[in-house]
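For reference, the structure discussed in these notes is given below.
Order of the sequence lines fixes the chain letters, A, B, ..., with proteins taken first and strands second; residue numbering starts at 1 for each chain.
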2 protein chains.
Amino acid sequence: MSRVRHDRLDCSPGCAVEAALQFIDGKWKGVILYHLLDGTLRFNEIRRRLPGVTPRMLTNQLRELEADGFLARKVFAEVPPKVEYSLTGRGRSLEPVIAALKAWGDAHADFAPKPYADAAA
Amino acid sequence: MSRVRHDRLDCSPGCAVEAALQFIDGKWKGVILYHLLDGTLRFNEIRRRLPGVTPRMLTNQLRELEADGFLARKVFAEVPPKVEYSLTGRGRSLEPVIAALKAWGDAHADFAPKPYADAAA
DNA sequence: GCGCATAGTGTCGATAAGGATACCGTTATG
DNA sequence: CATAACGGTATCCTTATCGACACTATGCGC
C-alpha cells in the first residue's frame with residue numbers, strides 16, 4: 001500500500017487537497033473514520049458496521065489509518081482478544097472533512113447510479 | 001472506470017461519506033475541481049497546473065467529472081481547437097468539501113512524514 | 001516541407017488495490 | 001470433544017488504475 005498518489009506535491013495550492021485526499025482514500029477509510037467519530041470501537045464492531053468488508057481489508061485499512069496517525073490501537077491482553085480503536089487528535093482533526101463529505105452525500109443523495117454516457121446536471 | 005467503490009451503500013449513515021468520496025477519488029479529480037473553482041479553464045491550462053498529468057489521464061478524469069455532472073465541457077469550433085471546462089452547479093456544491101480538504105491539507109501540511117515502513121524520499 | 005500549438009485518442013503494459021477463502025491460538029460454553 | 005467468539009494472517013487471484021508513448025486533424029509561421 002503505497003497510497004502515494006502524488007510523489008510531487010507541487011501542484012500549487014491545489015495539492016493540499018490531494019494531500020488530504022491521500023489519507024482518506026482507500027475503500028473503507030472514510031466510513032471507518034466516520035464511525036470512529038462516535039467513539040471507540042472494537043474490531044468486530046467496526047466490521048459489523050461495514051457490510052462486505054473482509055477481515056483482511058479491515059485490518060489493512062485500520063493499519064494504514066494507524067500508521068498515518070489517525071487512530072490508536074489499544075490491545076487488551078485478555079482472553080478473548082480485545083482491541084479497541086479510537087481516533088487520535090489528528091484523527092479528530094479530520095472531523096470537518098468527514099462532516100463536509102457526509103453533508104454533501106446526504107444533500108446530494110443521488111446514490112442512484114450515474115449513467116456514464118450522458119449525465120445531465 | 002467504474003468508481004463503484006460500494007455497490008451496496010448500506011453502511012448506515014456513514015455511507016454518505018463514501019458516496020461523496022467516490023466522486024472525488026481518482027488521482028486528479030480533487031485538484032482539477034480545486035482549480036476549476038477559480039473559474040473556467042481550458043484543457044491545456046489545467047494540464048499546466050498539474051505537473052505530471054498525461055493528456056490521457058487528464059481527458060479521463062475530465063470525462064468522469066463531466067459524466068458525474070460536476071463540470072461542463074464547452075467546445076469551440078475554432079481552428080486551433082478550444083475547449084473550456086467549467087463547474088456546474090453540482091460541481092460548485094462540492095466547494096465546501098474541497099475547502100475542507102484544502103483546509104485540512106494546509107493545516108496539517110505534513111507533506112513529508114509518514115514513516116510508513118521506510119518511505120524512500 | 002517542418003515544426004508548433006490545440007485537444008485529444010489508442011494501444012500496451014506495469015502495478016497496486018481490493019476480494020475470496022482458509023487458517024491461527026486461546027478460552028469458555030454446550 | 002466440538003463449537004463459537006475474538007482479532008487477526010496467509011495465500012492467491014482478479015481487476016482497476018495509472019503511465020508511457022505515439023499518433024490524429026487543422027492552420028499558422030518560416
Side-chain angles (χ1 to χ4, degrees), chain A residues 1-8 11 18 21-32 36 40-68 71-86 116, chain B residues 1-8 11 18 21-32 40-68 71-86 116-117 119-120:
Chain A
M1 302 289 164
S2 64
R3 297 152 316 117
V4 182
R5 307 174 64 163
H6 296 265
D7 38 350
R8 303 178 60 203
C11 25
E18 280 301 311
L21 236 21
Q22 294 195 342
F23 297 107
I24 55 183
D25 87 352
K27 191 164 181 182
W28 308 92
K29 303 245 192 104
V31 223
I32 292 174
L36 250 5
T40 297
L41 290 174
R42 298 177 55 181
F43 188 86
N44 278 343
E45 286 177 330
I46 299 175
R47 192 177 170 185
R48 276 187 283 269
R49 277 173 173 69
L50 310 184
V53 73
T54 58
R56 177 166 141 39
M57 261 295 110
L58 184 53
T59 305
N60 199 328
Q61 304 283 292
L62 250 11
R63 289 298 201 285
E64 287 192 13
L65 253 8
E66 188 192 358
D68 286 334
L71 51 83
R73 181 163 174 272
K74 190 173 176 189
V75 182
F76 293 81
E78 294 178 7
V79 163
K82 177 177 172 184
V83 181
E84 287 185 348
Y85 291 92
S86 56
Y116 232 96
Chain B
M1 303 280 170
S2 62
R3 299 151 314 117
V4 182
R5 306 174 64 163
H6 295 266
D7 37 351
R8 303 175 59 201
C11 25
E18 282 300 312
L21 237 20
Q22 297 194 343
F23 297 107
I24 54 183
D25 86 353
K27 192 164 179 182
W28 307 92
K29 303 243 190 106
V31 224
I32 292 173
T40 298
L41 290 174
R42 298 177 53 180
F43 189 85
N44 278 345
E45 287 176 330
I46 299 176
R47 193 176 169 186
R48 275 187 283 268
R49 277 174 173 68
L50 310 183
V53 74
T54 58
R56 178 163 145 42
M57 260 298 109
L58 185 53
T59 305
N60 199 328
Q61 303 283 294
L62 250 13
R63 289 298 201 282
E64 287 192 14
L65 254 7
E66 188 192 359
D68 286 335
L71 50 83
R73 182 162 172 271
K74 190 172 176 189
V75 182
F76 294 80
E78 297 178 356
V79 162
K82 176 177 172 184
V83 180
E84 286 184 349
Y85 291 92
S86 55
Y116 209 160

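- Heavy-atom minimum distance, A:Pro81 versus A:Arg42: O-NH2, 3.4 Å.
- Separating the CZ atom of B:Phe76 from the C1' atom of D:dT26 is a distance of 18 Å, rounded to the nearest angstrom.
- Here A:Lys29 contributes atom NZ and A:Leu21 contributes atom CG; the two are 11.0 Å apart, rounded to the nearest 0.5 Å.
- Closest to the side chain of B:Phe43, from the set C:dG18, C:dG8, D:dG27, is C:dG8.
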As a quick check of understanding, evaluate side chain to side chain contact (heavy atoms under 4.5 Å, CB included) for A:Glu66 and A:Leu62, giving each step before the final call.
CA-CA 6 Å; A:Glu66 188 192 358; A:Leu62 250 11; over 6 Å; no
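- Within the nucleic acid shown, A:Arg47 has no heavy atom closer than 4.0 Å to any nucleic acid atom.
- The separation between A:Ile46 atom CD1 and D:dA5 atom P is 19 Å, rounded to whole Å.
- D:dT9 atom P lies 10 Å from atom CG of A:Asn60, rounded to whole Å.
- Nucleic acid contact class of B:Tyr85 (heavy atoms, under 4.0 Å, all strands): sugar-phosphate only.
- Note on A:Arg63: a side-chain N or O is less than 4.0 Å away from OP1 or OP2 of D:dT9.
- Rounding to whole angstrom units, CD of residue A:Glu78 and C1' of D:dC6 are separated by 11 Å.
- Nearest to the side-chain atoms of B:Gln61 among the listed nucleotides D:dG8, C:dG8, D:dC18 stands D:dC18.
- Put simply, CD1 on A:Ile32 and CG on A:Leu41 are 10.5 Å apart, with the number rounded to the nearest 0.5 Å.
- No hydrogens or angles were tested; on distance alone, a donor-acceptor pair under 3.5 Å links the side chain of A:Arg56 to the base of D:dT11.
- In the set C:dA20, D:dC6, D:dT9, D:dC6 carries the atom at the smallest distance from any side-chain atom of A:Arg48.
- Between A:Thr54 and A:Pro81, the residue whose closest nucleotide on DNA chain C is further toward the 5' end is A:Thr54.
- The separation between A:Arg42 atom CZ and D:dC6 atom C1' is 7 Å, rounded to whole Å.
- Atom CG in B:Leu58 sits about 17 Å away from atom P in D:dT17, given to the nearest Å.
- Among the nucleotides C:dG8, D:dG19, D:dG7, the one closest to the side chain of B:Met57 is D:dG19.
- If you measure from atom CG of B:Asn44 to atom P of C:dG8, you get 9 Å, rounded to the nearest angstrom.
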When you look at A:Ile46 and A:Arg49, which way does the side chain to side chain contact (heavy atoms under 4.5 Å, CB included) test go after all the steps?
CA-CA 5 Å; A:Ile46 299 175; A:Arg49 277 173 173 69; 5.5 Å; no
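- The side chain of B:Pro80 approaches C:dT6 more closely than any other nucleotide in the set D:dT9, C:dT6, D:dC6.
- Here B:Trp28 reaches the OP1 or OP2 of D:dG19: one of its side-chain N or O atoms lies under 4.0 Å away.
- One interatomic measurement links the two molecules: CG of B:Asp25 to P of D:dT17, which rounds to 7 Å at whole-angstrom precision.
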